[in-house]
Structures are given as structure tokens and as C-alpha cells.
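Since the structure comes first, as C-alpha cells, the remarks are kept for the end.
No hydrogens, no waters, no symmetry mates; every other heavy atom, side chains included, goes into these values. Reminder, nothing fancy here: chain letters follow the sequence lines and each chain counts from 1. Treat the numbers as computed from the prediction; the structure is a model and nothing was measured.
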Amino acid sequence: MKIKYLKLDKAEGPLIIMDEVPDAIYGEIVDIEVSGNEHRTGQVIQIDKNKVIIQVFQGSSGISLDEVAVSFSGKPMQIPLSHEILGRVFNGMGKPIDGAGEIYAHQDYNINGRPMNPVARLYPRNYIQTGISTIDGLMTLIRGQKLPIFSGDGLPHNQLAAQIVRQARISEEEAGNFAIVFAALGIKHDEADFFAKAFEEAGVMDWVTMFLNLADDPVMERIITPRCALTAAEYLAFECGREVLVIMTDMTSYCEALREISSAREEVPSRKGYPGYLYSDLASLYERAGMLKNTKGSITQIAILTMPNDDITHPIPDLTGYITEGQIVLDRSLYQLGIYPPINILPSLSRLMKDGIGKEFTREDHPDLANQVFSSYSKVQEIRALAQIIGEDELSEIDRKYMEFGRQLEEKFAKQDFEEYRDLNQTLDTMWKLMEILPEEELTRIDPVLLKKYLRK
Amino acid sequence: MDGKGKVIYINGPVVKAEHMVDFKVREMVMVGEKKLIGEVISLEEEIGTIQVYEDTTGLRIAEEVYSTGKPLSLRLGPGIIGNIFDGIERPLSKIYAGGGQFIPEGIGLISLDEEKLWNTEITVKKGDLLKSGDVFAHIQETSMIIHKAMVPPGIKGKVIRVVDNGYYTIRDTILILLDEEGNNYELKLAQEWPVRQPRPVRQRMPLEKLLITGQRVIDTFFPLAKGGTAAIPGGFGTGKTITQHQLAKWSDADLIVYIGCGERGNEMTEVLEDFPKLKDPNTGNPLLDRTVLIANTSNMPVAAREASIYTGITIAEYFRDMGYNVALMADSTSRWAEALREISGRLEEMPAEEGYPAYLASRLAAFYERAGYCKNLNGTEGSISIIGAVSPAGGDFSEPVTKYTKRIVGTFLALDRELAHARHFPSINWLLSYSNYISILSDWFSDKVASDLMEIRSKMMGILQEENKLMDIVKLVGEDVLPDDQRIILEIARIIKVGYLQQNAFHPQDLYTILPNQYSMLKVIDKLYDRAYACIKEGIPLSQVKEEKLFSDISLMKYQISEEKPELFQELIERINGYYDSLENRYKEGSTDED
């Protein structure tokens with residue numbers, strides 16, 4: 001029989017403080033019975049002699065100091081996992097909420113995971129064809145990569161993620177080996193429904209595991225949700241050998257929850273009130289993507305975050321960009337011009353692309369061609385700025401060609417239908433078509449041999 | 001020695017324990033049943049504060065803290081090179097071989113392989129007098145490095161017993177020294193050294209040699225001296241890591257220590273996969289044979305991240321003491337500073353700027369000061385050059401880490417987001433970057449490359465400066481309205497940028513340029529500028545002066561460089577002379593005809 005503690009010293013926001021607990025364990029999970037019927041979950045986050053500070057995931061509201069019973073589990077947060085989790089829906093704490101009963105598993109898994117040994121990692125090199133020109137051509141997604149979408153409120157990041165899920169599936173050769181783990185972090189019900197519907201339409205519902213912490217669910221549970229999701233992903237990838245795609249949205253809500261708990265703990269804040277360990281904390285999530293040597297399976301992460309005020313230098317996108325292997329940046333003005341997907345090409349980047357494209361992987365002309373598009377499109381921006389001042393008619397002939405290049409790039413290449421799938425050859429050929437607009441001397445990034453072989457062919 | 005503390009406080013990596021009177025500040029300790037490695041950072045009465053280098057989840061109040069009696073130290077000996085360690089010198093490949101796909105806590109203190117037999121050549125004999133730093137044995141550790149076993153600092157004496165040449169492990173006693181006070185010292189192939197204490201040298205020497213990197217923008221525009229320090233700040237996506245990798249691959253140092261401090265796991269994996277395949281341009285041996293990797297990735301415990309920088313620099317100093325030139329890359333020092341901040345916050349210290357502790361500047365300075373060109377205790381000369389990446393929050397160079405680092409380092413290579421967006425790599429901004437080593441290296445450049453190299457460099461810098469000013473106007477009114485003598489500046493600046501400063505790390509001809517070729521390339525551009533500018537001054541219109549094919553061939557000459565074609569540059573210069581001679585003649589004839 002476990003000891004139950006019946007008295008709290010203090011309850012404030014997400015924290016409760018208890019005295020006279022002689023042998024608490026750092027990080028252990030506690031069960032808090034409120035008023036005899038409701039159970040809440042908490043975690044020990046600080047121990048000072050006999051005084052224990054516990055973070056309550058459902059918050060302290062409704063808790064009285066003496067009508068509680070707190071029991072310590074002696075274990076960190078764990079969830080049971082088996083292959084039955086596919087096709088199931090869980091809440092933010094990893095409890096089933098779809099009415100299909102508990103998960104029976106041989107083993108419980110610690111949701112905090114452990115850092116992957118860099119020696120054990122396999123460097124990701126196989127590209128995933130998403131059928132979206134901008135992504136495949138210019139910021140190729142690699143299996144095992146963590147590539148977030150930097151978006152803003154009201155931009156179609158959910159559609160883009162859904163399109164990736166649907167179309168990446170098509171080119172997946174081992175269809176039966178595929179799995180999706182979806183973590184909803186503080187998003188609205190209709191957004192979660194949108195994803196559920198998108199998965200259904202893509203015919204992947206049986207391979208999806210969903211963890212939902214929606215906007216009206218307890219905020220502190222949001223700290224746990226991505227960890228449950230990634231633990232499930234690790235299980236599916238490295239124990240079941242599946243190619244797992246993890247979608248986490250919205251990371252901004254997660255970071256805000258982290259800030260809330262940090263301020264409740266009266267920690268010294270760094271930028272914009274976010275805790276100094278925001279980088280390490282985010283890294284402990286994002287770094288759980290990857291592949292392992294001599295082990296089947298992979299974890300590819302697409303995290304979605306909305307940039308507050310569309311500001312890419314805000315701590316959340318900033319620190320994320322330092323951890324993830326690139327980013328896909330969505331742009332409001334492109335969206336207002338009616339361009340879907342509104343991917344802002346210049347700040348977007350896939351870091352793993354360099355080793356996953358080219359002769360052995362996609363096509364020999366791909367690296368130089370992508371480089372040239374980036375470089376020419378950056379020139380387009382300069383010329384557009386100039387044209388705003390002196391008017392397009394005053395531009396030199398070459399500059400006008402650049403203007404045309406920019407327009408066609410956006411209209412014929414970047415713009416794509418939500419239902420449209422373009423294969424990689426089609427994407428690369430479109431890029432060559434765009435190159436024809438510019439004079440050949442301007443194409444300094446492309447190897448002359450390749451120019452000869454592909455330009456105007 | 002066998003004192004025991006008792007845990008009374010746990011908050012992430014910060015643990016406090018009581019009954020700590022016998023402990024010392026900066027002593028290494030083992031915490032709890034799992035024997036987590038930690039370090040005492042302060043003592044107050046009988047309560048000690050400990051920073052723990054492993055995850056403390058699962059640690060219980062009242063668990064014991066064990067003393068080790070020594071400060072956080074490294075084992076320095078054969079087996080370091082080609083290896084990959086975590087922040088406190090535990091070999092990750094060994095952990096992997098033991099089944100550690102994921103890194104567990106409580107694996108204890110393991111470091112170098114104790115079983116491996118090393119083919120040892122003894123270089124001293126019985127009766128020799130040895131002092132600190134003297135070499136007593138040689139081991140061919142890898143194809144590129146002879147490991148020299150040295151008498152540890154602070155020890156000297158007469159050799160009273162020494163083994164023969166043969167195979168020994170790092171636990172075997174190689175020789176016994178007897179000092180004047182009658183103390184015996186048993187010396188082995190490995191020695192221990194506390195990481196936070198710089199290893200002593202006889203004296204510091206002036207810096208006068210270039211650290212050759214093969215990267216044009218660095219070698220000729222913002223050079224780094226052997227024994228000097230450099231910082232590479234840049235927002236995410238500006239190419240810090242690729243630049244660091246390029247330097248690790250192609251620098252002409254004898255040994256590279258690469259610290260992945262709070263960065264991506266896949267980046268370390270990339271180094272591990274690439275370096276064995278890459279060949280050193282000078283010797284043809286695999287690059288891993290001269291590389292040591294320290295990996296504390298962003299998701300590994302934060303306190304060990306703080307230690308990883310010191311682990312790296314201590315290993316660098318050990319090899320410097322053998323007389324090697326070592327280059328140390330720290331990617332990224334900002335993550336190290338953040339680790340300091342995180343621990344400082346948990347200690348409830350008064351924060352200074354942006355939550356960083358007030359001692360950030362002095363810690364940074366102390367780290368960079370461990371670089372230098374030195375005369376070692378044993379009379380050899382060696383150097384440590386430090387190249388630290390900085391990841392400023394929001395790409396803003398006025399944040400504390402960048403600001404303090406800038407004050408200390410000799411070369412500042414500012415990476416630029418705009419250049420990176422245009423895929424101009426390395427995205428080193430030529431207007432914001434600087435090198436303080438130019439004047440002290442000018443003799444070296446004159447001796448080893450050419451006497452006018454630095455002169456041409458400043459001329460080119462002048463053109464780039466001028467271009468920057470003109471661009472302000474161009475942005476408002478367009479290029480066409482400028483007079484030809486200004487437009488030619490823009491054209492030449494374009495060639496400098498595209499043809500010289502940009503360097504493709506993935507192009508086989510372009511990834512590395514030897515110094516004589518860097519000089520020749522600049523000579524060609526200089527020639528083009530002089531001749532073209534003279535023609536413009538003669539009144540020849542730009543449309544005539546700018547010969548498209550010639551200009552574009554010069555922009556692309558970097559891809560044409562090859563050993564089979566050494567006459568490339570001479571040919572280009574002849575083409576320039578040929579073209580402008582005939583242009584001038586034509587023009588003169590034309591103007592005489594009109595007269």
C-alpha cells in the first residue's frame with residue numbers, strides 16, 4: 001500500500017508545494033486525488049530537503065490544501081505502447097480517448113527518451129518526394145530530417161502539411177511500412193478535425209496515431225504531449241521498423257506553456273520572457289528525429305509553428321531554426337497574391353538536401369539548378385525594390401528579364417493546386433524552362449557542361 | 001578522500017548535498033546510486049552545490065555523493081585521435097559498441113581504451129635527467145600523428161628504470177623517475193590533467209605564420225594566424241557549420257579538435273561519415289587520422305555542454321605540448337554560453353544582460369586566451385588556433401555573446417543572412433568582417449607568396465567599399481544612369497564577389513585553393529581592372545570595354561584551375577592584354593581618323 005500525503009503547503013497556478021515528503025525522486029510522477037474523485041497528474045520538478053515542488057498538468061484550480069491525497073509513483077512519466085496504437089486517438093497525456101479501450105502492452109516507455117548517440121546515427125540521405133515543386137526542387141525533404149514549417153496565423157500551413165502527408169504517401173514504395181504520428185498542441189478543434197479528415201481522405205487513417213491536446217485542454221499537459229508522441233514514434237520506427245512521419249502543431253503553443261511554467265517557478269527569464277533553457281528543451285524534442293545504423297525505420301519530423309507577428313527573429317522560430325535541419329517559411333504577401341503554397345523561397349532551406357540530391361539520388365543537374373534559382377530569385381528581389389522606385393519601364397533590358405523570371409517562377413513553379421502532384425522530373429524541367437528567360441551569361445551557378453546538356457532541350 | 005555527502009536538493013542539473021566539509025571546490029564527484037558524474041561548484045558551511053553532467057531524473061533525496069579526490073580531469077594519452085567523445089571524454093563509439101544506440105546515464109567514468117597495446121619506442125635511457133614536458137616515448141598513433149609521451153608538468157628527476165621498446169597499454173608503467181627529494185614517480189603512456197587549468201608552457205611567442213585554410217575569402221581577405229583566434233557569428237542558415245567543416249577539413253594544422261557543442265546530432269554523424277573518406281591535401285592520409293571529435297549535441301545534458309569546451313581545449317593543449325599546430329573548432333560557443341546561463345539561473349545568481357551571468361565575458365576571454373603560439377616546456381614550438389562559431393539570437397550581433405567575443409578575437413568573420421539567401425557562400429560579409437592579423441602576417445605573405453599580395457588585397461577591398469557606396473545610389477535610380485567609370489567598379493566588384501569570394505564547398509575544383517593560385521586569381525582580376533579602367537578613362541564606352549566572354553571566363557576561372565593546366569592564369573592575362581591593346585589601338589586609330 002502506497003503512502004498518501006493528505007496536506008499541501010501551497011497551491012499556485014500550475015504548482016503545488018508539499019512539505020514533509022522524506023524520499024521524493026526527481027522527475028517522478030505523482031497522482032493527485034482531488035476531493036475524493038478526480039485524479040490529476042503531476043511531476044516532481046524540484047526537491048529541497050523535505051519540500052517538494054510538483055507541477056500539476058491539469059493546474060491547481062479547484063485544489064484545496066487539505067482535501068487532497070497525493071501518492072508518489074516512484075517512476076518517471078511512462079506510456080504503454082504496442083503496435084495497436086496505430087489508428088488510435090489519445091489525449092495529451094497518452095490516455096486513449098476514442099472509446100476503443102486501453103492499450104495492452106508488454107512494456108511501458110519513458111516519455112523523456114534518451115539522447116541518440118551520434119555514433120549510432122545514420123546520416124539521412126534518401127529524399128522523400130512530396131510532389132510539391134517548391135519543396136522537391138529547392139528544399140528537398142530527406143527521410144529522417146526535421147524540417148519545420150514557419151508560418152503565421154491564418155496562413156495555410158495545415159493544408160501544406162496535409163498535402164505532404166497525402167502525396168509523400170504516393171511515392172512510398174513500402175506502403176505497409178508507413179506510419180504517421182500526429183501531435184496537436186493547443187490547436188483548435190476544427191484544425192484537429194481538418195487533419196483527421198485529411199488523413200482519412202489520403203487513406204492512411206489506419207496508420208495514424210494521434211495525440212490531442214486541444215486549445216481548451218489543460219495547458220500544462222502540452223509539455224507532455226509531444227514527448228508522448230515522439231516516444232510512440234520511436235517505438236514505431238525503431239522497434240517496429242516503420243518509416244514514421246511526425247507532425248507537431250503548433251509549437252508556439254508548446255513554448256508558451258513552457259514560459260508559463262517557468263514564470264510560475266520564478267525563473268530568470270531570457271528573451272521575451274521565455275526561459276533560458278528553451279533551446280535545450282526544444283532540442284530534446286527535435287533531436288528525436290533521425291535514423292539509426294543497422295536498424296530499420298526512421299523518424300521524419302514536420303513541426304509547424306506560427307511566428308508571432310510573422311517575426312522570424314522571435315525566440316521561437318529563431319531557436320527552432322538553430323536546431324532543425326532547415327525550415328520552410330510561409331509568406332503572407334505571397335498568400336495574398338493568391339499563391340498556394342505561399343512558400344517564401346529565399347529564407348527557406350533544407351540542410352540535408354546537399355547530400356540527398358544529385359546524380360546518385362535525384363538528377364545530376366538538381367544541385368546547380370537549385371542554386372541558380374535561389375541566386376537569380378534573390379536578384380529579382382533587388383530589382384523589384386528598384387522598380388518600385390523608378391518604375392518598371394525604366395529598368396534595363398536584363399533587369400526586365402529578371403522581373404519576368406520572378407513572375408513566371410511564382411506563377412508556373414511555386415503556385416500549385418492543393419490536389420496537384422508533380423513528379424520530380426516535371427519540377428526540374430519547369431526550372432530549366434524558367435532559366436530560358438534569363439540570358440545564358442547570367443547562369444553562373446550552373447556547370448557549363450550541364451547548361452549545354454539541359455538548357456533549351 | 002572517502003568523504004560522503006547526502007543529497008538534499010535537486011533542480012535539474014543542479015544538486016545540493018550536505019556533509020560536504022571534506023570536499024573541495026571544483027572536485028569531481030559521483031552522485032547517487034547511479035554514480036552520475038558531477039562537479040562541486042561551491043561550498044557553504046557543510047553544504048555543497050554540485051553540477052551534474054548527466055540527467056538527474058530518478059535521483060532521490062538522501063542518496064549519497066562520493067568524493068573522487070581530484071578535479072574534473074581528462075586522461076591524456078594514445079587513443080584520443082580519430083575518436084569521438086562526449087563532453088567529459090567518454091568514448092561514444094565504445095558506448096555504442098556496448099549497445100548504446102541511445103546514451104544511458106550512470107555509465108561511469110570511462111575514457112581511453114585501457115586494453116589496447118601500443119607499439120612504443122622508448123626515447124630515453126636509464127640515468128637520463130628528465131624535466132617536465134620531456135618526451136620519453138614515441139607511438140605512431142595514426143598515419144599522421146606520432147604520439148609523444150611526456151613527463152607531466154610539475155615532475156622531474158632521473159630515470160632509474162625504463163622498459164624496452166615493445167607493446168604497452170596506457171596502464172603499464174613505462175619508466176620510474178627519482179627526484180632530488182627522493183620521491184619516485186611511475187610514468188605511464190597516459191597522464192591526467194584538470195580541464196579547467198591551462199597546461200603550462202615556457203613562454204608565449206609572437207604570432208607570425210598564416211593558418212592556411214584554402215578558403216580564399218579567409219586566407220587573403222581576413223586571414224587567421226597560427227595561434228590566433230577567430231569568431232564566426234551568423235544567424236541560422238548562414239553556413240556557420242559548413243564554414244567550420246571546411247576549416248576542419250582543409251586547414252594546414254597538424255591536428256584538428258572539433259567540438260560539437262550543443263548542435264545537431266546529424267552534423268557530428270556527417271563528420272564521422274565524411275572524414276574517413278576525405279584525404280588530407282598535404283599528405284593524402286584520411287582526415288580522421290588527424291581529427292578528434294567532442295560531441296555534446298543539443299539534447300545531451302546541459303552541464304556536460306559547459307564542460308565540453310574545456311575538454312576540447314585541454315586535449316588541444318596536450319598535443320600542442322608535443323610540438324604540433326592544433327586548430328580547435330567550437331560549434332557553437334553560444335550554446336556553451338547558454339549552458340552557463342542555464343546553470344547560473346538554477347543557482348539563482350544575479351543575472352546581467354539577457355539573463356547571462358556577469359562572468360560571461362571573463363569566461364569567454366579565459367577560453368580564447370588558451371590559444372597561442374608557444375614555446376613548450378620541452379623546447380618544441382606548438383600552437384593552438386581557436387575558431388569559435390557564435391549563434392546570435394535573432395541574428396543580432398549586438399547580443400552579449402557576440403559582443404564579448406568580438407572584443408577578444410583577432411579575426412571576425414561576420415556571416416550575412418542576405419548573402420546566404422542569395423546562396424553566396426561562404427556568406428562572409430566583407431564590410432563587417434575584419435582581421436587584426438594582416439599587419440603581423442604581411443612579412444609572411446611577402447616571403448611565402450608575393451610581396452604585392454596585401455597591396456592587391458587592399459585595392460580589391462577598396463573596390464568593394466566603393467561598390468557598396470554606389471549600390472546605395474543604384475538602389476534608388478538604377479545602374480544605367482551611373483557614369484561608365486563608376487559602372488566599371490560595379491562590374492569588377494561583381495567579378496570579385498562571384499569569381500573570388502564565393503567558393504563552392506561541394507565543387508571538386510573549387511573547395512580548396514592553394515595560396516599561389518589565390519594570388520594568381522587576384523592578379524588576373526587586378527589586371528582586368530587596371531586595363532578596363534584605363535580604357536574607360538580614355539573615353540571608350542563600357543559596352544566596348546566589357547567583353548562578355550572575357551568577363552564571364554574570369555568569373556569562372558575558379559572552376560578551371562587544375563594541375564594539368566598551370567598556364568591558365570598566364571593565358572587569361574594575355575587575353576586581357578590582347579583585347580585591351582587592340583581596343584585602345586582601334587580607338588586611337590578611330591579618333592585620329594576623325595581628326
So for I242(B), is it side chain, backbone, both, or neither that comes closer than 4.5 Å to the heavy atoms of chain A?
side chain

Is it the case that R351(A) places NZ or CZ above or below the six-membered ring of F236(B), under 6.0 angstrom from the centre and within 45 degrees of the axis?
no

Using non-hydrogen atoms and a 4.5 Å limit, figure out which bit of A62(B) sits close to chain A: side chain, backbone, both or neither.
neither

Heavy-atom cut-off 4.5 Å, strictly under: side chain, backbone, both or neither for L92(B) against chain A?
both

Measure from NZ or CZ of R423(B) to the centre of the six-membered ring of Y377(A), then state whether that distance is under 6.0 Å and the direction lies within 45° of the axis.
no

Using non-hydrogen atoms only, which part of N266(B) is less than 4.5 Å away from chain A: side chain, backbone, both, or neither?
both

I'd like to know if the side chain of Y559(B) and the backbone of P448(A) have a donor-acceptor N/O pair within less than 3.5 Å.
no

Interchain contact, V474(B) with chain A, by part (heavy-atom threshold 4.5 Å)
backbone

Enter the distance from S298(B):OG to D281(A):CG here, rounded to the nearest 0.5 Å.
11.0 Å

What part of D274(B) gets closer than 4.5 Å to chain A, counting heavy atoms only: side chain, backbone, both or neither?
side chain

Side-chain contact test, heavy atoms from C-beta onward, threshold under 4.5 Å: evaluate it for H421(B) versus P347(A) and give yes or no.
yes

Chain A heavy atoms under 4.5 Å from F506(B): which part of the residue, side chain, backbone, both or neither?
side chain

So for R121(A), is it side chain, backbone, both, or neither that comes closer than 4.5 Å to the heavy atoms of chain B?
both

Please tell me if the side chains of I95(B) and N117(A) come closer than 4.5 Å, counting only heavy atoms from C-beta onward.
yes

Measure the CD1-CG distance between I25(A) and L59(B) for me, rounded to the nearest 0.5 Å.
9.0 Å

To the nearest 0.5 Å, atom OH of Y277(A) lies from atom CD of E338(B) at 14.0 Å

Hey, are the side chains of R335(B) and Y322(A) touching, using non-hydrogen atoms and a 4.5 Å cut-off?
yes

Honestly, the part of P317(A) sitting under 4.5 Å from a heavy atom of chain B is backbone

Hey, is the main chain of Y26(A) close enough, under 3.5 Å, to the side chain of R60(B) for a donor-acceptor pair?
no

Close side-chain approach of Q101(B) to L292(A), heavy-atom, < 4.5 Å:
yes

With the threshold set at 4.0 Å, does a side-chain nitrogen-carboxylate oxygen contact exist between E105(B) and R114(A)?
yes

Thinking salt bridges, do K354(A) and E270(B) make one under a 4.0 Å N-O criterion?
yes

Are I61(B) and K49(A) close enough that some pair of their side-chain heavy atoms sits under 4.5 Å apart?
no

Need one label for S93(B): side chain, backbone, both or neither, based on atoms under 4.5 Å from any heavy atom in chain A.
both

Is chain B contacted by the side chain of E234(A), its backbone, both, or neither, given a heavy-atom distance below 4.5 Å?
side chain

Is E263(B) close to chain A through its backbone or its side chain, or both, or neither, when contacts mean heavy atoms under 4.5 Å?
both

Would K51(A) pass as a cation-pi partner of Y9(B), given that its NZ or CZ must be under 6.0 Å from the six-membered ring centre and within 45 degrees of the axis?
no

Report which part of E354(B) has an atom under 4.5 Å of a heavy atom belonging to chain A: side chain, backbone, both, or neither.
both

Which bit of S555(B) comes within less than 4.5 Å of chain A, counting heavy atoms only: side chain, backbone, both or neither?
neither

Part of P91(B) within contact of chain A (heavy atom distance under 4.5 Å):
neither

Just do the side chain to side chain donor-acceptor pair (under 3.5 Å) check on E287(A) and T297(B) with the steps written out, would you?
CA-CA 9 Å; E287(A) 277 290 320; T297(B) 57; 5.0 Å; no

Per-residue contact mode, K549(B) against chain A (heavy atom under 4.5 angstrom)
neither

4.5 Å side-chain heavy-atom contact, P118(A) and I103(B)
yes

Residue part contacting chain A, namely of L272(B), when any heavy atom lies under 4.5 Å
side chain

